[in-house]
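All values derive from a computational prediction rather than experimental measurement. Lettering of chains follows the sequences in order, A, B, ..., and the numbering in each one begins at 1.
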Amino acid sequence: MKNEIAILLEQAIRSLPEFSDAPEIASVHATVERTRDSRHGDFTTNIAMRLAKSVGRNPREIAQSVIAATPGSELIDKIEIAGPGFINFHVSPAAFNRELAHVLRDGENYGRQATRTTPRILLEFVSANPTGPLHVGHGRHASYGATLGNLLEAAGYVVDREYYVNDAGRQMDILGISVLLRMLEARGDTIQFPEAGYKGEYIREIAAAITEDISKLVASDLFGNLPEGDKEEIISGLIEGAESMLGTDEFGRIRRQSLESILDDIKDDLSGFGVVFDRWFSEQSLTDDNLIDDALAVLKKRNMLYQKDGATWFRAADFGDEKDRVVVRENGKKTYFASDIAYHYGKRERGYDHLIDILGSDHHGYIARVRAGLQSMGYAADCLEVELVQFVTLYRAGEKMQMSTRSGEFVTLRQLREEVGNDAARFFYVMRSNDQHLDFDMELAKSRSNENPVYYIQYAHARVASVFRQLAEKSLEYEQPRGVAAFDKLTETHEKALMSSLTRYPEIIELAANNRAPQHLVHYLRDLANDLHSYYNAHQFIVDDHDLRNARLALIDATRAVIASGLGIIGVSAPDAM
RNA sequence: GCGCCCGUAGCUCAAUCGGAUAGAGCACUGGCCUUCUAAGCCAGAUGUUGCAGGUUCGAGUCCUGCCGGGCGCGCCA
């Protein structure tokens, strides 16, 4: 609907020679928006004020000539000039009726844009380290990422969802030794669990399930040969000791089984949360497939690397980073940053045009250097987009909870899901802008779940389903074509409001997708549910008038479809009964 | 110290490349179930948009400075 208005407007402006050189002409489409006040009509544009700047003429005069040049259309009842030069469009009832018929025809596909082949988008999110179960902070990333993926698809983009598994490096050794020590403990050996190890209870559960033979290892030998030092040196000593006493292969198997156990748990948790990935990308595979070397070779070829203090540096500062970064350490080991460059390089090499990373706000410092990496390899700086998600602070009974994986003291996503339910959790997580901090009070979410806005929206959906059940009980039939033919009878204020809201849905999808802002959809659904509830209370749907009854049923049927579609994008169920 | 993000009603938050009178929920008060689910509806109050300047037809939104909060500034991952 908005699109049609924009096309008419663009035709009008292009037909006027005095604006042919104005730069604003390219963005006419984007200036058309819904009015906030129905007295201003249904759609408005500020294009006259924008043109006034570059052409140097009175905006109201410009508006006048634009209106005069606008082709006649059955879509529009009247066009008015208001205020400093707004052009307001009043849409005809017939046009709303026609659009409502579209909603019914498309059902839950209404508002979805046709698929476009470019750009191909890779959406990476969660990517939590596989060293423990997901906690409530990851839940926000999962909900936001999954919803954004759905939104982008609804807006017509081709999106692949990817989880980057940090299965390489020191943290895997720490995981391995943590599990091994719990195995020794379970066997009856006396151990002193290191401060830097993963202390969570889940480590004991993993240890209990591992069948690797560790009879070669004696706890007293292991602890007897520990170096003096801080907690990092102590755990390094334990890892080295275990590898030499038990064997590198044996320790490697324990490490791998621990990783698989945790990864299985994460996958199960996420799929249970309705969050699915197209690919789980292993960091270790970067090394195995020589991708890091390939990426470094590209950088070297482009003269982006140099040697200093025995290390290899990347000229990140040449591309906007605050300083150059090490990619190969003095000891010959590649840095994590080298993996990151290679990973993002690989994403582009796999054919993705646009990369979206959803990261915690504590990672903001790393954006510039990864972007520098891509840029230095010849990719456009804006092919990498990073959406930062602010922290979740969890409160239980008004008390702040700690969230440290290493200490093992945290509330898991699984616990949260069990306590408040998937629907409420998915909804709450995307209710507010991702750049706002989120306070999540468990007790509040549980004890007041009836006041949860998600139920308000679900209830609207269930109410419509209930009306259709009542219809069947009265042995009446819903005749949709007859209803569509009788849309002229929908003249009540509540009906007009509902129709207007329904036809906004495609615009909301576009808005929420383009701004990476699912909360737009959440607020829209709340408003739509409100329209339905108000209508429900003000008017009877199952009335004697055959035509009016079917017209009203068609209207709420369309509403049901849009609510179901919107909730589906957020990952929330649309129940027929509550 | 430098960098990024945030600051809007009592509380939690919205506000569509800058747009018309800054909006919702919660909480509070009163009213509405013999008719399709009262997890609902209707009516009612609240703002120096942290502070001070600037840009312009127009600023919560953009720019500068300051105040307050969060996060980040490794040859860690």
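Side-chain atoms of Gln171(A) lie closest to rA77(B) of the nucleotides rA15(B), rC36(B), rA77(B). Here the side chain of Thr335(A) is nearest to one of rC75(B), rC36(B), rA39(B), namely rC75(B). Considering only side-chain atoms of Glu330(A), the nucleotide from rA38(B), rC75(B), rC73(B) that sits closest is rC75(B). With rC75(B), rC17(B), rU35(B) as the candidates, the nucleotide lying closest to the side chain of Glu33(A) is rC17(B). Comparing rU21(B), rC41(B), rC36(B) against the side chain of Val467(A) picks out rC36(B) as the nearest. The side chain of Arg329(A) has rC75(B) as its nearest neighbour among rC57(B), rA38(B), rC75(B). Counting only heavy atoms from C-beta on, Tyr456(A) has its side chain closest to rC41(B) among rC41(B), rG18(B), rG70(B).
Shown here, rG72(B) forms a base pair with rC2(B); the pair counts as Watson-Crick or G-U wobble because both key distances fall under 3.5 Å. Partner assigned to rG7(B) is rC67(B), using Watson-Crick or G-U wobble distances below 3.5 angstrom. For rG44(B), the paired base is rC28(B) (Watson-Crick or G-U wobble, both distances below 3.5 Å).
In this structure, Gln519(A) reaches the sugar-phosphate backbone alone: every heavy-atom distance under 4.0 Å involves primed, P, OP1 or OP2 atoms, never a base. Residue contacts for Arg369(A): at a heavy-atom cut-off of 4.0 Å it reaches no nucleic acid atom on any strand shown. Within the nucleic acid shown, Lys323(A) comes within 4.0 Å of sugar-phosphate atoms alone, with no base atom in reach, counting heavy atoms only. Nucleic acid contact class of Asn46(A) (heavy atoms, under 4.0 Å, all strands): base. Within 4.0 Å (heavy atoms only), His364(A) reaches at least one base atom of the nucleic acid. Glu510(A) comes within 4.0 angstrom of nothing in the nucleic acid, heavy atoms only.
A gap of 33 Å separates the C1' atoms of rA14(B) and rC33(B), to the nearest Å.
Note on Arg526(A): every side-chain N or O is 4.0 Å or more away from OP1 and OP2 of rA24(B). Within the 4.0 Å cut-off from OP1 or OP2 of rG74(B), not a single side-chain nitrogen or oxygen of Arg325(A) is found. Contact annotation: Ser361(A) side-chain N/O to rG72(B) OP1/OP2 distance is not under 4.0 Å. Residue His520(A) has a polar side-chain atom (N or O) positioned under 4.0 Å from OP1 or OP2 of rA15(B). Note on Arg469(A): every side-chain N or O is 4.0 Å or more away from OP1 and OP2 of rC36(B). When the side-chain nitrogen and oxygen atoms of Asn530(A) are compared with OP1 and OP2 of rG25(B), none of them lie within a distance under 4.0 Å. Regarding contacts with the backbone of rG7(B), a side-chain N or O of Gln436(A) is found under 4.0 angstrom from either OP1 or OP2.
In the interface, the side chain of Arg39(A) is paired with the base of rU21(B) through a donor and an acceptor atom under 3.5 Å apart. The base of rA77(B) does not come close enough to the side chain of Asp340(A) for any donor and acceptor atom to sit less than 3.5 Å apart. No donor-acceptor contact under 3.5 Å links the side chain of Asp362(A) to the base of rG72(B). Below the 3.5 angstrom threshold, one finds a donor paired with an acceptor across the side chain of Thr44(A) and the base of rA20(B).
Applying the 5.5 angstrom centroid cut-off and the 30 degree plane-angle cut-off, the aromatic ring of Phe86(A) is not stacked upon the base of rG19(B).
Residues Lys231(A) and Glu233(A) are not paired through a salt bridge, judged by the lack of any N-O separation under 4.0 Å between the basic side chain and the carboxylate. The pair Glu24(A)-Lys53(A) does not count as a salt bridge, with every side-chain nitrogen at least 4.0 angstrom from each carboxylate oxygen.
The CZ atom of Arg325(A) sits 10.5 Å away from atom OG1 of Thr335(A), with the distance rounded to the nearest 0.5 Å.
Between the P atom of rC6(B) and the CZ atom of Phe391(A) lies a distance of 15 Å, rounded to the nearest Å. The nearest whole Å value for the distance from the OH atom in Tyr455(A) to the P atom in rA38(B) is 19 Å. To the nearest angstrom, P of rU35(B) lies 11 Å from NZ of Lys474(A). Atom pair Asp435(A):CG and rC6(B):C1' shows a separation of 8 Å (rounding to whole Å applied). In this structure, CZ of Arg140(A) is placed 9 Å from P of rC13(B), rounded to the nearest angstrom.
rC28(B) has its base anti relative to the sugar, with a glycosidic angle deviating from 0 by more than 90°.
Residues Tyr524(A) and Tyr505(A) bring their aromatic ring centres within 6.0 Å.
Of the candidates Ile508(A), Asn515(A), Ile569(A), Leu511(A), Ile569(A) is the only one forming a side-chain contact (heavy atoms from CB on, under 4.5 Å) with Leu151(A).
In this structure the side chain of Arg526(A) reaches within 4.5 angstrom of the side chain of Tyr456(A), judged on heavy atoms.
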